[in-house]
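A short write-up of the structure that comes next.
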Amino acid sequence: MENPDPSCPVIAIIGSGASGTLLAWYLRKARCAARLIVVGDAPEPGRGLAYGTPCLSHYLNVCASGMSAVTDDPSHFLAWVREHHDPHISASDFVPRAIYGRYLQSL
């Protein structure tokens with residue numbers, strides 16, 4: 001692939017699951033001036049093998065308080081899951097993997 005704008009580097013991220021999605025999100029958050037291309041076979045960003053299940057009986061193995069994707073906001077996921085899934089989730093609850101996949105997509 002030829003870069004149409006040599007002054008703007010291209011970064012290819014291989015994998016569109018959780019790691020690739022979070023890397024792309026963090027690079028954008030850091031105002032990385034590169035063009036980002038995420039390459040993967042997940043049908044949607046963040047919904048790779050680990051969080052792509054539609055089954056709501058597959059739970060995370062870490063409670064909600066430990067799953068924030070935002071390092072400087074440890075309650076980010078907990079606030080998101082309360083707003084978008086269940087307002088009664090507590091910090092010690094375990095959330096379905098599918099919901100965490102939706103959270104990653106929202107980033």
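Of the possible donor and acceptor atoms, none in the side chain of R97 sits under 3.5 Å from a partner among the backbone N and O of G52. Panel note: side chain S65, backbone S92; no donor-acceptor pair is recorded below 3.5 Å. Between the side chain of R28 and the main chain of C32, a donor-acceptor pair closer than 3.5 Å is present. A donor-acceptor pair is defined here as one N or O able to donate and one able to accept, closer than 3.5 Å; no such pair exists between the side chain of R47 and the backbone of S16. The backbone N or O of S90 sits less than 3.5 Å from a side-chain atom of D93, completing a donor-acceptor pair.
H85 and Y103 have their aromatic ring centers separated by at least 6.0 angstrom.
When every heavy atom of A69 is checked against every heavy atom of L107, the shortest pair comes out as CB-CD1, 3.7 Å. Here the closest non-hydrogen pair linking L104 and A18 is CD1-CB, 3.6 Å. Shortest non-hydrogen contact noted between C55 and A98 is O-CB, 4.4 Å. The nearest pair of heavy atoms linking T71 to P74 is O-CD, 4.4 Å. The two residues A33 and P9 come nearest to each other via the heavy atoms O-CD, 4.5 Å.
Counting heavy atoms of neighbouring residues, nucleotides and ligands inside a 6.0 Å radius, atom CD1 of I14 exceeds 12 of them.
Separating the CD atom in E44 from the OG1 atom in T21 is a distance of 10.5 Å, to the nearest 0.5 Å. How far CD1 of I99 is from OH of Y51: 13.5 Å, rounded to the nearest 0.5 Å. Atom CZ of residue R82 and atom CZ of residue F77 lie 11.0 Å apart, to the nearest 0.5 angstrom.
In this structure the side chain of V81 never reaches within 4.5 angstrom of the side chain of H76, judged on heavy atoms. Side-chain atoms of M67 and Y100, non-hydrogen and from C-beta on, do get closer than 4.5 Å to each other.
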Checklist entry - Please walk me through it: do I37 and V10 pass side-chain contact (heavy atoms from CB on, under 4.5 Å)? => result CA-CA 7 Å; I37 299 173; V10 175; 3.7 Å; yes

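There is no path of hydrophobic side-chain contacts, each under 4.5 Å, that joins W80 to F94. Taken together through direct or relayed side-chain contacts under 4.5 Å among Ile, Leu, Val, Met, Phe, Trp and Tyr, L60 and I89 form part of one hydrophobic cluster.
Of the candidates V38, L36, L23, I11 forms a side chain to side chain contact (heavy atoms under 4.5 Å, CB included) with just one, namely L36.
Electrostatic pairing of K29 and D72 counts as a salt bridge here, judged by a charged N lying under 4.0 Å from a carboxylate O.
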